[in-house]
Amino acid sequence: MNAPASTPTVFDVQRIRADFPLLSRTVHGKPLVYFDNANTSQKPLSVIEAMNAHYRQHNANVSRAVHLLGEEATAAYEGARDKLAQFINAPSRNELILTSGTTQATNLVAYSYALPRLKPGDAILTTVMEHHANIVPWQLVAGRAGATVKAAPINQRGELIVEQYIAMLTPEVKLACVTQVSNVLGTVNPVREIARECKKRGIPLLVDGSQAVPHRPVDVQALGCDFYALTGHKMLGPTGTGALWAKREHLEAMPPFFGGGEMIREVRFEGTTFAEVPHKFEAGTPNIAGFVGLAAAIDYYQSVGFDAIHAWEQQLLAYATERLSEIPGLRIVGEAAEKEAVISFLIEGAQATDLATLLDLQGVAVRSGHHCAHPLMQFFGVPSTLRASLAFYNTREEVDEFIVALLKVRKLLM
Ligand code: PMP
């Protein structure tokens with residue numbers, strides 16, 4: 001539940017902000033207010049420096065070289081896998097496939113898990129509130145197999161209608177998917193309950209954790225899902241990093257998706273044998289420096305602590321929601337009972353893109369558009385929304401500056 005806006009807890013946000021070099025820059029001559037965190041987060045110095053140190057001191061390819069640099073690079077890369085596994089409480093580090101992000105993770109499941117199993121008449125279940133990364137890969141493989149993609153509905157507050165999701169878990173459904181947190185609405189979905197229902201019916205569940213991991217501690221074992229996809233750049237890490245966690249039984253049964261170096265045991269023209277999981281899914285040279293940075297991002301989260309992060313973000317969410325609600329003609333899209341600090345909204349008589357462009361001139365970075373969620377826009381009957389997405393390094397003062405800027409640009413467009 002959201003904390004009341006009037007009772008801020010002590011949280012040294014200025015000390016935290018000092019760790020993020022980009023936050024002190026100006027934009028169009030104005031101090032930056034960065035409220036586009038659901039798109040990508042900013043990076044603390046420790047992440048930037050970890051990558052810098054990797055290239056300055058340890059750069060080599062992984063898993064191949066016997067020289068010291070190769071050993072150091074391999075240890076750093078595999079150390080990131082350990083850290084990520086521990087971060088989401090995976091039962092084993094070997095169940096964690098390092099990917100370029102959530103998109104690669106969902107595509108891996110689509111082509112390597114779903115496609116070989118799907119038969120004509122089968123279905124994959126997703127929801128109306130998903131990011132395209134949790135819709136389009138399913139459509140691509142369903143189309144090849146003569147299967148379909150079904151979407152569970154949501155209500156006007158932007159909450160999943162869980163009874164209907166459960167009712168749609170019929171025998172032809174071979175994979176169920178849901179986002180833990182909506183990138184547009186901030187809605188937190190009841191993943192544990194959904195996972196319980198999937199389990200009863202023997203249907204594997206994939207959870208898109210892209211927007212959950214930056215805000216709350218994740219425990220894939222407690223969630224009870226089969227697959228969990230995440231992306232690194234929204235959680236203080238570099239772009240081009242992410243992961244798929246999957247239960248070992250699924251990974252063992254899945255054929256490799258990409259072929260090439262690093263994923264084989266022996267290659268012969270008569271037939272090739274593959275490396276053990278997770279390596280059979282990691283063909284080619286990975287983003288070694290990126291994962292060094294992601295490991296530093298996890299250290300950073302752990303040094304601040306998710307209790308403090310979540311409490312602060314919930315205060316900011318409550319405060320920003322309260323301030324936005326004072327603006328005449330403003331409608332918040334997404335009013336779920338449980339939300340992360342993401343607020344989509346519309347202002348009567350003004351285009352979202354015009355507002356975002358003018359806000360940028362005031363130093364305020366928000367996103368406008370469909371947020372890679374066309375079906376959700378269709379549900380609400382709008383082409384786009386404006387989205388302010390907050391992080392734990394944002395402040396109440398920035399919310400105030402955002403509101404002042406919004407009132408100003410609204411006036412210009414009226
Ligand atoms: N799912 C959700 C909910 C997202 O917000 C995003 C990123 N906007 C993605 C998936 C895709 O992540 P990436 O582009 O990093 O693969």
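Remember, it's 1-based here, ligands and their atoms both numbered in the order they're listed.
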Tyr319 six-ring centre to Arg396 NZ/CZ under 6.0 Å and within 45° of normal: yes

Leu45 CG to Asn52 CG distance, which is reported to the nearest 0.5 Å: 9.5 Å

Leu96 CG to Gln86 CD distance, which is reported to the nearest 0.5 Å: 11.5 Å

Minimum side-chain heavy-atom gap Glu282-Leu98 below 4.5 Å: yes

From His371, Arg367, Gln104, Gln211 - option closest to atom 5 (O) of ligand 1 by heavy atom: Gln211

Of the listed options Asn107, Thr239, Thr40, Thr231, closest to atom 15 (O) of ligand 1 (non-hydrogen atoms): Thr231

Under 3.5 Å donor-acceptor, Glu159 side chain and Ala337 backbone: yes

Cationic N near anionic O, under 4.0 Å, Asp36 to Arg387: yes

For Asn183, atoms of ligand 1 separated by under 4.0 Å from a heavy atom: 3 (C), 5 (O)

Part of Lys234 within contact of ligand 1 (heavy atoms, under 4.0 Å): side chain

His233, portion touching ligand 1 at heavy-atom distance under 4.0 Å: side chain

Chi angles and distances behind the ring-ring contact (aromatic ring centres under 6.0 Å, His included) call for Phe402, Phe35: CA-CA 9 Å; Phe402 164 56; Phe35 280 1; 5.3 Å; yes

Of the protein's non-hydrogen atoms, which lies at the shortest distance from [atom], and what is that distance?
| atom | answer |
| --- | --- |
| atom 12 (O) of ligand 1 | Thr102 CB, 3.8 Å |
| atom 3 (C) of ligand 1 | Asp208 OD2, 3.4 Å |
| atom 4 (C) of ligand 1 | His131 CD2, 3.4 Å |
| atom 16 (O) of ligand 1 | Thr103 OG1, 2.6 Å |

